> 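Take a look at the following structure, please.
This one's a predicted model, so the numbers in the text were calculated from it and none came from an experiment.
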Amino acid sequence: MSEMACLEHIFAPSSPQSCCCPLPHGVETSFTRLVRCILSASSSLDVCVFAFSNMDLCKAVLTLQCRGVTIRVLCDKDYAAILGSQIGVLRRAGICARCDVGSVYMHHKFAVVDNRLLITGSLNWTMTAVQSNKENVIVTEDPNLVGPFLKEFQRLWLHSDPAQYFHLSDPKPADKPTTPSTDKP
């Protein structure tokens, strides 16, 4: 369980207004470090998580989108529609979010920042995981670790492309224009 702290100074560091919430301010916690790692993205963020309902992590992803970072999110199909899921919020904001189409749970919990920084561990991106559970997160730039996660993300991303599974029937051929017949009765 991580000590809770206000994150407003992370999202709006130049804001002259101070936050009035009851959480401690300016405190460095494991969660604020995680959010800073995510916000360090300058070109891309690939997120592959079982469940995504944490609003602060959603805010971090939306902040990156505003900065022009390319974002792809992949989650488990059953958990994309649960009450509180942030997948719909991300989609409405224009972020490409896919659901794994496999018959078993897509139980991964990792993110790759700028194709170089891996964030992985037991942490689902949920409020319960952040506030109540005993979780672990590892952050590394070791290419021997980052590479296989990038490969797995790309494999799942391509496998979960909805275009592969939802084909429209071939459209009816348009009525051909009638041409004058040369046959005489």
Side-chain angles (χ1 to χ4, degrees), residues 1-15 18-19 21-76 79-80 82 84-91 93 95-98 100 105-150 152-153 156-157:
M1 179 162 87
S2 177
E3 178 186 352
M4 294 307 300
C6 178
L7 300 177
E8 281 308 306
H9 67 285
I10 295 172
F11 293 117
S14 61
S15 176
S18 62
C19 178
C21 77
L23 293 173
H25 291 76
V27 175
E28 191 71 13
T29 67
S30 56
F31 187 62
T32 59
R33 287 190 296 277
L34 172 64
V35 171
R36 285 185 198 280
C37 284
I38 293 165
L39 289 173
S40 74
S42 60
S43 61
S44 66
L45 175 67
D46 291 333
V47 177
C48 186
V49 291
F50 178 62
F52 190 156
S53 62
N54 185 289
M55 290 182 281
D56 289 323
L57 292 173
C58 182
K59 186 173 182 178
V61 172
L62 294 171
T63 299
L64 290 175
Q65 183 200 31
C66 290
R67 293 181 191 164
V69 172
T70 301
I71 301 165
R72 299 184 298 173
V73 177
L74 184 62
C75 69
D76 185 78
Y79 281 79
I82 65 167
S85 173
Q86 297 300 296
I87 298 303
V89 173
L90 297 175
R91 285 180 173 158
I95 293 173
C96 193
R98 292 182 181 173
D100 182 66
Y105 286 135
M106 193 293 299
H107 213 246
H108 285 305
K109 298 153 187 86
F110 69 90
V112 180
V113 175
D114 295 337
N115 293 319
R116 64 164 181 76
L117 180 73
L118 171 66
I119 302 167
T120 189
S122 65
L123 184 76
N124 278 308
W125 287 26
T126 65
M127 290 304 291
T128 300
V130 170
Q131 292 180 356
S132 304
N133 294 353
K134 292 178 177 146
E135 303 280 359
N136 66 76
V137 174
I138 295 172
V139 179
T140 182
E141 291 188 62
D142 182 342
N144 294 316
L145 296 173
V146 176
F149 281 87
L150 281 171
E152 175 67 354
F153 185 90
L156 290 170
W157 187 257

> Once you round to the nearest 0.5 Å, how far does CD of E152 lie from CG of L74?
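Spacing of CD (E152) from CG (L74) equals 9.0 Å.
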
> Which is it for L34 and V130 under the side chain to side chain contact (heavy atoms under 4.5 Å, CB included) test, yes or no, and what are the steps along the way?
CA-CA 11 Å; L34 172 64; V130 170; 5.8 Å; no

> With a 4.5 Å heavy-atom cut-off, do V73 and L45 have their side chains touching?
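SC-SC contact between V73 and L45 ruled out.
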
> Kindly indicate whether the side chain of L156, heavy atoms from C-beta on, has any atom under 4.5 Å from the side chain of C48.
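Yes - at least one pair of side-chain heavy atoms lies under 4.5 Å apart.
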
> Between H108 and F110, how do the two ring planes meet: parallel, tilted or perpendicular, split at 30° and 60°?
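It falls in the perpendicular class, over 60°.
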
> Taking all heavy atoms of L64 and all of A41, pick out the closest pair and write down the distance.
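Between these two residues, the closest heavy atoms are CD2-O, 3.6 Å.
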
> Please examine the side chains of T63 and R67, heavy atoms only from C-beta on, and report whether any two atoms are closer than 4.5 Å.
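A side-chain contact exists here, since the closest heavy-atom pair is under 4.5 Å.
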
> Taking only residues two or more places apart in sequence, or in another chain, which ones meet T140 in a side-chain contact (heavy atoms from CB on, under 4.5 Å)?
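Only L118, D142, L145 meet the side-chain contact (heavy atoms from CB on, under 4.5 Å) criterion with T140.
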
> Look only at the side chain of Q86 and the backbone of G84, and say whether a donor-acceptor pair between them is shorter than 3.5 Å.
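Present.
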
> Mind checking whether Y79 and F52 have side chains closer than 4.5 Å, heavy atoms only?
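SC-SC contact between Y79 and F52 ruled out.
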
> Can you tell if the side chain of C96 reaches within under 4.5 Å of the side chain of W157, non-hydrogen atoms only?
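SC-SC contact between C96 and W157 confirmed.
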
> Check side-chain contact (heavy atoms from CB on, under 4.5 Å) between S85 and all other residues, then give those that pass, not counting sequence neighbours.
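Scan of S85 (side-chain contact (heavy atoms from CB on, under 4.5 Å), adjacent residues dropped) gives I82, I87.
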
> Mind listing the closest non-hydrogen atom pair of S40 and D114 along with its distance?
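The answer is O-OD2, 3.8 Å.
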
> State, to 0.1 Å, how close C58 and V89 come at their nearest heavy-atom pair, and which atoms those are.
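Nearest heavy atoms, C58 then V89: SG-CG1, 3.8 Å.
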
> Any side-chain heavy atom of F31 sitting closer than 4.5 Å to one from D56?
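Side chain of F31 against side chain of D56, heavy atoms only: contact under 4.5 Å found.
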
> Measure the shortest side-chain to side-chain distance between I71 and V61 over non-hydrogen atoms and say whether it is less than 4.5 angstrom.
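I71 reaches V61 side chain to side chain.
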
> For a quick test of reading the model, state the closest non-hydrogen atom pair linking L123 to K109 and the distance between them.
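Looks like O-CB, 3.4 Å.
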
> Any donor-acceptor pair under 3.5 Å linking the side-chain atoms of E135 with those of S122?
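Looking only at side-chain atoms, E135 and S122 do form a donor-acceptor pair, the distance falling under 3.5 Å.
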
> Keeping R98 on the side-chain end and C75 on the backbone end, is there a donor-acceptor pair under 3.5 Å?
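Here the side-chain-to-backbone pair does not exist.
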
> How long is the straight-line distance from CG of D46 back to OG1 of T70, given to the nearest 0.5 Å?
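It is 9.0 Å, given to the nearest 0.5 Å.
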
> Indicate yes or no: at least one non-hydrogen side-chain atom of V146 is less than 4.5 angstrom from one of L117.
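Answer no - side chains too far apart.
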
> Distance check, rounded to the nearest 0.5 Å: F50 atom CZ versus N124 atom CG?
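So the CZ of F50 and the CG of N124 are separated by 6.5 Å.
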
